[in-house]
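Worksheet: the structure to be examined is printed underneath.
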Amino acid sequence: MSRFYIFLLTSFLLTACSSKKADLLVYNANIYTVDSSFQKAEAMAIDKGLIVAIGKKTDLEAQYSFSEKEDVDGQYIYPGFIDAHAHFVGYAMNLLQVNLVGTKSWGEILQKLKAFSKENPSGWIIGGGWDQNDWTIKNYPDNTELNTLFPDRPVLLTRIDGHAAIANQKALMLAGITGKENIIGGEVESSNHKLTGILIDNAVDLVSNKIPEKTEEEFRMAISKAQENCFAMGLTTLNDCGLDFEVVEKLKKLQEENFLRMRLYIMLSDKAANYEYAQKKGKLIGDRLTVRSFKVYGDGALGSRGACLLQPYNDRANHYGFLLSNAGHYDSVASWCFKNGWQMNTHAIGDSGNRVILSTYAKYLAPTNDLRWRIEHAQVVNPADIQLFGKHRIIPSVQPTHATSDMYWAPDRLGSDRIPHAYAYKSLLEQNNWIPLGTDFPVEDISPFKTFYAAVFRQDGNEWPETGFQMNNALSREEALRGMTIWAAKASFEENKKGSLEVGKWADFVILDKDLMTVTPKALKEIAVVATYSNGKKEYARKKK
């Protein structure tokens with residue numbers, strides 16, 4: 001018998017013996033599984049949305065017959081990226097508003113508002129993303145020109161960190177703000193007995209609560225565009241940090257209609273109605289939508305000097321920032337979460353804010369607990385307190401781009417003694433030997449590659465500073481990748497479903513044109529997503545040039 005016929009017979013027998021069928025074979029790839037030993041592979045078999053085998057192409061073809069095969073031409077595959085701290089619905093709503101991110105002056109903002117008002121001639125003018133630290137004149141603006149331009153239309157423009165905003169007089173009037181309010185955890189700013197329009201932390205809610213709700217169609221349109229943008233960045237799961245139950249119900253409806261394709265891990269906002277909802281409905285744990293945690297605010301932001309510090313701000317005498325609630329409130333929330341088995345995730349920026357929340361958690365969390373209560377941001381932690389993360393298994397959930405966004409002015413806020421203990425991601429990682437990473441978009445950019453870049457190289461987009469910002473707290477490439485995948489999944493109790501490419505897990509993965517593990521800093525800024533898969537389905541594909 002000739003070799004040719006032997007080959008045909010062997011191929012036939014192998015195919016005949018491949019009694020198992022699978023939907024998709026992805027091969028000729030450089031696959032980073034991000035499993036416990038950080039193994040690599042060349043091919044992956046997928047069926048009904050799950051990974052059923054991973055290894056060599058020839059071995060997988062011997063085991064399965066495939067409905068479809070995809071040759072990825074040696075490109076690089078990673079688990080779908082998971083953003084452990086974002087504001088997905090807020091980002092979606094922002095797509096219907098004025099985008100002020102990157103504006104370089106108050107004048108530029110006014111020009112954007114004029115253009116927006118012409119295209120949108122009625123209703124509130126809502127915008128967000130401005131940062132006075134990016135302007136030549138770094139002081140907060142006042143609303144004089146807003147009042148002149150828009151005397152009859154309410155305007156509310158939120159600062160990039162979400163902890164401050166400026167409103168015109170019409171908006172202040174609709175909210176009933178006079179300047180005489182006594183607000184716990186917030187401030188209505190005035191100058192010479194005149195309201196400037198600047199609102200800090202809880203004061204912002206007085207105005208934002210007056211904004212009419214989006215229609216069902218507007219909400220649907222915004223969510224559709226937002227999830228498309230996320231898939232284009234290689235994101236397959238997002239933690240949305242702080243939603244009200246009414247929004248959750250809207251998302252549930254979209255999930256039931258199979259309209260929601262992005263996986264969301266929702267934290268309910270710290271409001272009485274949301275606790276009542278949680279008590280009544282219980283946890284929701286699904287493939288696309290999970291609700292089992294609460295988002296609590298400890299203090300404000302460093303940029304607006306609302307973060308609560310143990311000692312005064314270096315650049316504002318006798319000013320310590322503030323907690324957004326009294327200490328008893330945090331204890332009552334912790335008690336409720338502990339008794340009812342819900343995860344508690346608390347925003348804490350300043351060293352005093354972190355100390356209060358760490359101490360509160362420590363009352364409830366035994367050293368052997370696996371409740372995975374999180375501190376979101378953990379930006380400035382006193383050296384005496386950092387061991388509490390490890391001692392009580394408290395999870396620091398951090399956003400590396402905060403360090404590279406704040407590094408220009410954070411030393412002015414904190415002074416030389418405190419700045420070394422800020423954005424200390426390596427030290428925080430060492431407490432539990434894992435750390436979830438996020439972006440905090442739309443506060444920061446949506447890109448997970450900027451998260452990776454900031455975590456590893458600790459530089460801005462211009463590769464400044466040349467030696468990196470406080471490089472003793474940089475993460476390795478493997479640590480950064482784990483923080484964006486398996487550790488982010490673990491922070492949401494989902495490490496057995498996703499976060500690594502292993503048999504039995506969802507086939508959520510991203511294909512990149514460059515290797516995150518070897519790419520230079522310059523090339524990393526040009527990296528491109530070739531395709532994004534969720535549940536074995538291609539949700540995004542780069543357009544061919």
Can [X] and [Y] be counted as an ion pair, charged N to O under 4.0 angstrom?
X: D287; Y: K497; value: no
X: K498; Y: D508; value: no
X: R372; Y: E495; value: yes
X: D331; Y: K363; value: yes

For residues F449 and F81, establish whether the separation of their ring centroids is below 6.0 Å.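 So the answer is yes for these two rings.
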Does [X] reach the side chain of [Y], with side-chain heavy atoms less than 4.5 Å apart?
X: K295; Y: C241; result: yes
X: F88; Y: Y265; result: no
X: Y425; Y: L437; result: no
X: Q279; Y: W342; result: no
X: P79; Y: I486; result: no
X: N354; Y: D385; result: no
X: K505; Y: S500; result: yes
X: V510; Y: I77; result: no

Would you kindly say whether [X] and [Y] are connected by a side-chain donor-acceptor distance under 3.5 Å?
X: Y423; Y: D406; answer: yes
X: Y277; Y: E249; answer: yes
X: E376; Y: S397; answer: yes
X: H163; Y: D201; answer: yes
X: D270; Y: H329; answer: yes
X: Y297; Y: N202; answer: no
X: R458; Y: T467; answer: no
X: D142; Y: S191; answer: no

Main-chain N/O of [Y] paired to [X] side chain as donor or acceptor, under 3.5 Å:
X: H347; Y: D299; answer: yes
X: N133; Y: K138; answer: no
X: R374; Y: A491; answer: yes
X: T196; Y: I198; answer: yes
X: Y361; Y: V356; answer: no
X: Q431; Y: P396; answer: no
X: D35; Y: F38; answer: yes
X: N473; Y: S427; answer: yes
X: D515; Y: V519; answer: no

Which heavy atom of [X] sits nearest to which heavy atom of [Y], and what is that distance?
X: R393; Y: N369; answer: CD-O, 3.0 Å
X: G438; Y: P400; answer: O-CD, 3.6 Å
X: Y313; Y: A307; answer: OH-O, 2.7 Å
X: Y453; Y: Q459; answer: CE2-O, 3.2 Å
X: T237; Y: M262; answer: N-SD, 3.8 Å
X: D351; Y: R418; answer: OD2-CD, 3.7 Å

When you look at V34 and L481, which way does the side-chain contact (heavy atoms from CB on, under 4.5 Å) test go after all the steps? CA-CA 8 Å; V34 195; L481 180 58; 3.8 Å; yes
Per the salt bridge (charged side-chain N to carboxylate O under 4.0 Å, His left out) rule, which among D460, D445, D440 passes with K450? D445
Might you confirm whether atom [atom1] of [X] has over 12 heavy atoms from other residues, nucleotides or ligands at distances under 6.0 Å?
X: I285; atom1: CD1; result: yes
X: K280; atom1: NZ; result: no
X: K40; atom1: NZ; result: yes

For T360 and R355: C-alpha separation, side-chain torsions, deciding distance, then whether side-chain hydrogen bond (donor to acceptor under 3.5 Å, both in side chains) applies. CA-CA 8 Å; T360 301; R355 175 171 290 180; over 6 Å; no
Can you tell me how far the [atom1] atom of [X] sits from the [atom2] atom of [Y], to the nearest 0.5 Å?
X: N229; Y: M233; atom1: CG; atom2: CE; value: 8.0 Å
X: L524; Y: L516; atom1: CG; atom2: CG; value: 6.5 Å
X: M93; Y: I211; atom1: CE; atom2: CD1; value: 12.0 Å

Can you classify the ring geometry of W130 versus Y140 as parallel (below 30°), tilted (30 to 60°) or perpendicular (above 60°)? perpendicular
Aromatic [Y] / basic [X] pairing, under 6.0 angstrom, 45° off normal:
X: K514; Y: Y76; answer: no
X: R263; Y: W506; answer: yes
X: K391; Y: F389; answer: no

Could you go through V529 and L512, starting from their C-alpha distance and side-chain angles, then the distance that decides it, and tell me whether this counts as side-chain contact (heavy atoms from CB on, under 4.5 Å)? CA-CA 5 Å; V529 175; L512 303 182; 3.9 Å; yes
With side-chain hydrogen bond (donor to acceptor under 3.5 Å, both in side chains) as the criterion, how do S405 and E444 come out once you've worked through the C-alpha distance, each side chain's angles and the decisive distance to 0.1 Å? CA-CA 8 Å; S405 292; E444 298 282 356; 2.8 Å; yes
Side chain to side chain contact (heavy atoms under 4.5 Å, CB included) partner of V291, chosen from V248, N274, L251, L243: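 The side chain to side chain contact (heavy atoms under 4.5 Å, CB included) with V291 is passed solely by V248 among V248, N274, L251, L243.
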Would Q343 and C337 count as a side-chain contact (heavy atoms from CB on, under 4.5 Å) if you check the C-alpha gap in whole Å, the side-chain angles of each, and the deciding distance to 0.1 Å? CA-CA 6 Å; Q343 185 186 36; C337 288; over 6 Å; no
Could you please spell out the steps behind the salt bridge (Lys or Arg N to Asp or Glu O under 4.0 Å) verdict for K104 and D134? CA-CA 6 Å; K104 299 301 181 185; D134 293 338; 5.1 Å; no
The test is side-chain contact (heavy atoms from CB on, under 4.5 Å); show your working for W464 and M407 and say whether it passes. CA-CA 10 Å; W464 186 91; M407 62 185 176; 3.7 Å; yes
Among Y275, F245, W373, find the residue that satisfies the ring pair (Phe, Tyr, Trp, His ring centres under 6.0 Å) test when tested with F294. Y275
Could you give all pairs that pass the salt bridge (charged side-chain N to carboxylate O under 4.0 Å, His left out) test and reach residues 473-490, with sequence neighbours left out? K426-E479, E478-R482
